[in-house]
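Input: a single structure, listed below in structure tokens.
Note that the coordinates shown come from a computational prediction; the quantities given were computed from them, not determined experimentally. Here is how names work: the chains are called A, B, and so on, in the same order as the sequence lines, proteins then strands, and each is numbered from 1. Because only heavy atoms are used, hydrogens play no part in the values below, and waters and symmetry mates are left out as well, while side chains stay in.
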2 protein chains.
Amino acid sequence: MKYPQIYEQFNLWVPLPMEEWLAFESKLVERSLSKGDYLLQAGDTTLEIGIILNGLFRLYYTDNNGKEHIKSFRRSGELIGAYSEMLLNIPSRTYIQAMEASRLVLISRHDFLPFYSQHSCWQTIGRIVAEEHFLAKEQREFEFLQLDVLERYNKFRDDFGPLMGKIPQHQIASYLGITPVALSRVLSKSRKK
Amino acid sequence: MKYPQIYEQFNLWVPLPMEEWLAFESKLVERSLSKGDYLLQAGDTTLEIGIILNGLFRLYYTDNNGKEHIKSFRRSGELIGAYSEMLLNIPSRTYIQAMEASRLVLISRHDFLPFYSQHSCWQTIGRIVAEEHFLAKEQREFEFLQLDVLERYNKFRDDFGPLMGKIPQHQIASYLGITPVALSRVLSKSRKK
DNA sequence: TTTAGTCATTAACCAAAGTTAATGAACCTT
DNA sequence: AAGGTTCATTAACTTTGGTTAATGACTAAA
């Protein structure tokens, strides 16, 4: 078994027959990216599910004016991919970029889908992955509706802890939904109090 | 079969053995609510999944200052419930209120969970429900990050069409994340142009 | 070591949105 | 018919955030 950490994670969600795991594992492809490399860009049609072995990524899209809007940061152990585009079977609208040298394993949508009809454990895993994605987005909606910028920033800092040093502040601003100038203002005001 | 529309919906997602459907249907309880009635309030611990036969609901929570923040409106044929609280198995943080006389069918979390181990079709249905919930939230995140208030309002109007007349404007403002005063201002400015 | 690029900060100005309050319309209820 | 409630609108004022631009720190590349 090449990736026992992933097996353990899945097995925590649902009892996973070894035969199923090995079939899945045989489809995994390992890839390394340097800082700044793209795992995926808008328009790409070959969609893959990735599991980050180590590293840090940002997911974003661009609007009509070319401005970037960061949806999410992902770190070691987390899933990564153009998830909603995979569900809808459309080309990627998302850019996924490595923020430091990173390593991950990938399985293509095409290789994964047959597992659903192979054994019900994959349905369960697919369900739990979808549920976790939903919970993350609902949490984010809550923060947008209820918290002001400083509260959102503090939550982000608590969440990312030591990784803060690897994330430029203007990218955090984008994630929080404001401009870098506005975030800098808010932070300097909060320091003075 | 009492609720063929629901059976058809499920069957569109996954082949559903009649035996499974009938077992599920036998757990459904019908309920009618008058305008203003609550299906669920914050703090409630008996969580149920509902399917709206007819009517209109709003889902919201309140912040520390008692202000309401509307998460969602739901109409005939849609699922309703404190979904994230069900996943997390915690008391409801959500209020669910009927905006007009409404009728729905309900199944308790407790009654539904055993179906997951009964037959894999329920895993598939659970997965697809989670995926749809995720897609809706991701769409909402996109709108918050990329669209201005007027664009968000117009999307909402296009989506709800004839139901607009049943939704007070200040509730739409809450759903869009702004105050009723701000929405009124934006709309009057857009009318003048 | 110079040079260019990225980034955070600050200022000045403008636009958008929150707050409070007053007004009037529509709709109940009695 | 009278009274109360809910709601949308508008005004005046304040606060927050966007935009542009200048500055200086830091870093990476040549």
In whole Å, what is the span from the [atom1] atom of [X] to the [atom2] atom of [N]?
X	N	atom1	atom2	value
B:Ile178	C:dG18	CD1	P	6 Å
B:Met99	D:dT6	CE	C1'	14 Å
A:Asp148	D:dG17	CG	P	8 Å
A:Gln97	C:dT6	CD	C1'	14 Å
A:Arg191	C:dT10	CZ	C1'	12 Å
B:Leu150	C:dA16	CG	C1'	13 Å
A:Arg152	D:dT16	CZ	P	14 Å
B:Lys189	D:dA11	NZ	P	12 Å

Practice prompt. Would you tell me whether B:Thr124 and A:Gln123 have side-chain atoms, one donor and one acceptor, within less than 3.5 Å of each other?
Written response: yes
Item to complete: Would you check if B:Thr46 and B:Asp44 make a side-chain contact, meaning some heavy-atom pair closer than 4.5 Å?
Response: no
Fill in: Side-chain heavy atoms of B:Gln97 within contact of B:Tyr38, under 4.5 Å
yes
Worksheet item: Among pairs that include at least one residue of residues 6-29 of chain B, which meet salt bridge (charged side-chain N to carboxylate O under 4.0 Å, His left out), considering only residues two or more places apart or in two chains?
Response: none
Worksheet item: Any salt bridge (charged side-chain N to carboxylate O under 4.0 Å, His left out) pairs touching residues 115-128 of chain B, not counting sequence neighbours?
Response: B:Arg127-B:Glu131
Every protein N/O lying under 3.5 Å from an N/O of nucleotides 24-30 of chain D:
none

Sequence neighbours excluded and cut-off under 3.5 Å, please list the side-chain donor-acceptor pairs for residues 83-95 of chain A, or say none.
| from | atom 1 | to | atom 2 | distance (Å) |
| --- | --- | --- | --- | --- |
| A:Ser84 | OG | A:Arg93 | NH2 | 3.1 |
| A:Ser84 | OG | B:Glu138 | OE2 | 2.7 |
| A:Glu85 | OE2 | A:Arg93 | N | 2.8 |
| A:Glu85 | OE2 | A:Thr94 | N | 3.3 |
| A:Glu85 | OE2 | A:Thr94 | OG1 | 2.7 |
| A:Asn89 | OD1 | A:Arg109 | NH1 | 3.3 |
| A:Ser92 | OG | A:Thr94 | N | 3.0 |
| A:Ser92 | OG | A:Thr94 | O | 2.8 |
| A:Thr94 | OG1 | A:Lys71 | NZ | 3.2 |

Discussion item. I want to know whether A:Phe134 and B:His133 have ring centres closer than 6.0 Å.
Written reply: yes
Discussion item. Before we go on, tell me: are the rings of A:Phe160 and A:Phe156 under 6.0 Å apart, centre to centre?
Written reply: yes
Worksheet item: Does B:Ser188 put a side-chain nitrogen or oxygen below 4.0 Å from OP1 or OP2 of D:dT10?
Response: yes
Fill in: Difference in axis direction between the ends of the helix from C:dT1-D:dA30 to C:dC27-D:dG4, five pairs, 10°
40°
Worksheet item: Taking DNA chain D as the partner, which of residues 153-177 of chain B come within under 4.0 angstrom of it by heavy atom?
Response: B:Pro168, B:Gln169, B:His170
Worksheet item: Tell me, which pairs form a side chain to side chain donor-acceptor pair (under 3.5 Å) where one or both residues lie in residues 153-163 of chain B, sequence neighbours left out?
Response: B:Arg75-B:Asp159, B:Glu143-B:Lys155, B:Asn154-B:Arg157
Item to complete: Would you mind listing every side chain to side chain donor-acceptor pair (under 3.5 Å) that reaches into residues 161-185 of chain A, with sequence neighbours excluded?
Response: A:Glu100-A:Lys166
Discussion item. Across nucleotides 19-30 of chain C, 5' to 3', mark each nucleotide with B, S or - according to how protein heavy atoms within less than 4.0 Å reach it.
Written reply: BB----------
Output side-chain donor-acceptor pairs under 3.5 Å for residues 110-121 of chain A, partner residues at least two apart or in another chain, one line each.
| from | atom 1 | to | atom 2 | distance (Å) |
| --- | --- | --- | --- | --- |
| A:Ser117 | OG | A:Pro114 | O | 3.1 |
| A:His119 | ND1 | A:Cys121 | N | 2.9 |

Item to complete: Any chance you could pull the hydrophobic cluster mates of B:Tyr61, using side-chain heavy atoms under 4.5 angstrom and chaining through other members?
Response: A:Phe142, A:Leu145, B:Phe144
Discussion item. Who clusters with A:Leu12? Use side-chain heavy atoms, under 4.5 angstrom, across I, L, V, M, F, W and Y, and order the result by chain and number.
Written reply: none
Item to complete: Hey, could you give me the CD1/CD1 distance between A:Ile178 and A:Ile172, rounded to the nearest 0.5 Å?
Response: 10.5 Å
